[in-house]
K.L.:
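Quick one: this structure, given as structure tokens, is what I'll be asking you about.
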Amino acid sequence: MVFQSLVIAPAGLAQSSSEEEEPLTYSELLEDIEDGRVSRIEIDPSQDIARVELSDQEEDAPPEEVQLFIGENLELIERARENNIELEVKPSADSTAVAWLVTNTLIAVLIIGGLLLLLRRSANASGQAMNFGKSRARFQMEAKTGVMFDDVAGIEEAKEELQEVVSFLKQPEKFTAVGARIPNGVLLIGPPGTGKTLLAKAIAGEAGVPFFSISGSEFVEMFVGVGASRVRDLFRKAKESAPCIIFIDEIDAVGRQRGTGIGGGNDEREQTLNQLLTEMDGFENNTGIIVIAATNRPDVLDSALLRPGRFDRQVMVDLPGYNGRLGILEVHARNKKVSPDVSLEAIAQRTPGFSGADLANMLNEAAILTARRRKDSITPLEIDDAIDRVTIGLTLNPLMDSKKKRLIAYHELGHAMLMTLLEHTDPLDKVTIIPRSGGIGGFAKPLLRQDSVDDGLQTRSQILDLITVYLGGRASEDIVFGHDEVTNGASGDIKAVADYARRMVTRYGMSDLGMFAIESSDNQVFLGRDLMNQVPEYSEEMATKIDHQVRAIISQCYDRARSLLRDNRLLMDRLADMLIEQETIEGDKFREIVASFTDLPESQKNLQLQAIGRN
Ligand code: ADP
Ligand code: MG
Ligand code: ZN
């Protein structure tokens, strides 16, 4: 247990609860804390129970028991501390034994379950080998998707283009009467989570036709011929229920350029692809089937797929902009209870780069947090926490190890200070040393502004300042703990720095090498047809020059980071104490402190320092 005995417990504390009265709920407890009615709290983390003594309760009445849910004990500790309530964290001895037993039983069950699963798997695989010709319902069919265009937001152009497809499905006569050829296939192109699947379902929903779906990766199996027969099966079933939609997700898995890939072509995939093309070509002028496919790698697709009569309509489904995000938030807030002080506009502002799926996921997390905290509606607090949770990770228990905590505090402060001191940066949102899942010890997070994301309008000074901020963590460790004590915790920072610096030289023409771009984009294809073009097109001499430039940029920024931090070393020390004690400092508070210090004449700085953090 991390939180052993913060306060010594008075002996003989009653451990049973009052059974006849309504138990105290967590939210009532929080209210009682706020109103100063609580005199003492004892938390039992092994049972997730808080035993509460109220200030007005009778001398020897047993304490009230409150059931805690995940994360609530941390919150409770924080609240109790804020309100100076006597607090103890103490696992009850007997329950630890029970917990031990439970954990071990659980592990045993998991292992056995895992083994069974493996057995089942191999049994399945051999089963498949025996009847590989027949695809047993490897595609899904939904008679009614229940999704409407109203449920899809933020991709208005795509929606408009696809409106037409709905009309084709509903009234094909209208088009065939004037001799128009109805398209066989539509290709939706866009990054994951932007709503391609949703859009395809909405088309089926609007037109009121069945929806067949399969993923490209499911076509590609171990055994030659399976993919092709699956395609045949799928189209046969679809023809029986025409008009309908066939949706092929991840079509790049089958539809890659033929005859490429390391070690020659892949027969199986080629046969599957050929079968797919044959089926689509075999459509009479109007079979009432429209094939919709989705991919985020249109560049690797076989050109035969894109020929007229096949996927000749291509619709881009991009990451949503501000208005799009607002629309998507509105759609997903429709069925949730959101408190009136939550501003969807503000959320849309703060979430550049989020896909529709990210936004939906974030709102859902916020709703889960709200339920867990037993609130009636989602408040801005839950939104904040949910954004951190989807972008950074789940919160874990605070560290106790003070040396490590100090190091993390200085590292994150380095970032936070530079975010605040430098001119061309996004302002600090918060800095925290509460750890998160994924090995994150803490973070300093900027408040993203709509116009500050990589939109092609970033200036040279903005990028330089950004690199400097990234280097701030390492620079701070270096200054405070010395050159030999820097940790590998900054590896993520260093990678980002190297990426940015390199892009400045090779893509943005922002170095002494002048205006030239030799690398066009960084998403390169593995095993695709681009493989051959990946060899750099510049000489070794040029490569050396680039390296020099990149290094010059980085060391310049590092020097700047160090000298700025060194100039503010006293302030850093104060802030580090404060951060270690409070674990999180909000951006506004942080800026206020930094300003109250940096605006002072040298002679008064010492006095001011003593005042900081005393509250
Ligand atoms: P893709 O197929 O592009 O990877 P999905 O359609 O599977 O993305 O999106 C996953 C989920 O994210 C959807 O079920 C929906 O809840 C949400 N979502 C994504 N994009 C949108 C959008 N444009 N409008 C509303 N919800 C969206
Ligand atoms: Mg999808
Ligand atoms: Zn860092």
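Start at 1 and go down the list; that is how both ligands and their atoms are numbered. It should be emphasised that the depicted structure is a prediction, and the values quoted were computed from it without experimental measurement.
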K.L.:
Both conditions, 6.0 Å and 45 degrees, for the charged tip of Arg325 above the ring of Tyr322: are they met here?
P.N.:
no
K.L.:
Can you tell me which residue among Arg389, Lys430, Arg350 is in a side-chain hydrogen bond (donor to acceptor under 3.5 Å, both in side chains) with Asp384?
P.N.:
Arg350
K.L.:
Can you tell which part of Thr197 has a heavy atom less than 4.0 Å from ligand 1: side chain, backbone, both or neither?
P.N.:
both
K.L.:
Give me the residue, atom name and distance of the protein heavy atom closest to atom 27 (C) of ligand 1.
P.N.:
Leu198 CD2, 3.6 Å
K.L.:
Which is it for Leu199 and ligand 1 at heavy atoms under 4.0 Å: side chain, backbone, both or neither?
P.N.:
neither
K.L.:
So which protein heavy atom does atom 12 (O) of ligand 1 come closest to, and at what separation?
P.N.:
Ala357 CA, 3.1 Å
K.L.:
Hey, are the side chains of His332 and Leu344 touching, using non-hydrogen atoms and a 4.5 Å cut-off?
P.N.:
no
K.L.:
Tell me the protein heavy atom at minimum distance from atom 25 (C) of ligand 1, and give that distance in Å.
P.N.:
Asp151 O, 3.3 Å
K.L.:
Please determine if Asp465 and Arg560 form a salt bridge, counting it only when a charged side-chain N lies under 4.0 Å from a carboxylate O.
P.N.:
yes
K.L.:
Flag the pair Asp151 and Lys201 as a salt bridge only when some basic side-chain nitrogen lies within less than 4.0 angstrom of an acidic carboxylate oxygen.
P.N.:
no
K.L.:
Is there at least one pair of N or O atoms, one from Gly193 and one from ligand 1, spaced under 3.5 Å apart?
P.N.:
yes
K.L.:
Kindly indicate whether the side chain of Glu206, heavy atoms from C-beta on, has any atom under 4.5 Å from the side chain of Leu162.
P.N.:
no
K.L.:
I'd like to know if Arg562 pairs up with Asp478 as an ion pair, taking the criterion as any Lys NZ or Arg NE/NH1/NH2 lying under 4.0 Å from an Asp or Glu carboxylate oxygen.
P.N.:
yes
K.L.:
Any idea which protein heavy atom is nearest atom 18 (N) of ligand 1, and the distance to it?
P.N.:
Gly356 C, 3.7 Å
K.L.:
Mind checking whether Arg460 and Met504 have side chains closer than 4.5 Å, heavy atoms only?
P.N.:
yes
K.L.:
Identify, by name, the N, O or S atom of His411 lying closest to the Zn ion (ligand 3).
P.N.:
NE2
K.L.:
Using non-hydrogen atoms of the residue, decide whether Ala294 is closer than 4.0 angstrom to ligand 1.
P.N.:
no
K.L.:
Counting heavy atoms only, which of Gly195, Gly190, Ala153, Pro191 comes nearest to atom 9 (O) of ligand 1?
P.N.:
Gly195
K.L.:
With heavy atoms of Pro192 as the reference, note each atom of ligand 1 found under 4.0 Å away.
P.N.:
4 (O)
K.L.:
Strictly under 2.8 Å, is the Zn ion (ligand 3) approached by any N, O or S atom of Asp493?
P.N.:
yes
K.L.:
Using heavy-atom distances only, which candidate in Lys196, Arg325, Glu330, His332 approaches atom 26 (N) of ligand 1 most closely?
P.N.:
His332
K.L.:
If we ignore angles and hydrogens, is there a donor and acceptor under 3.5 Å between the side chains of Gln349 and Glu345?
P.N.:
no
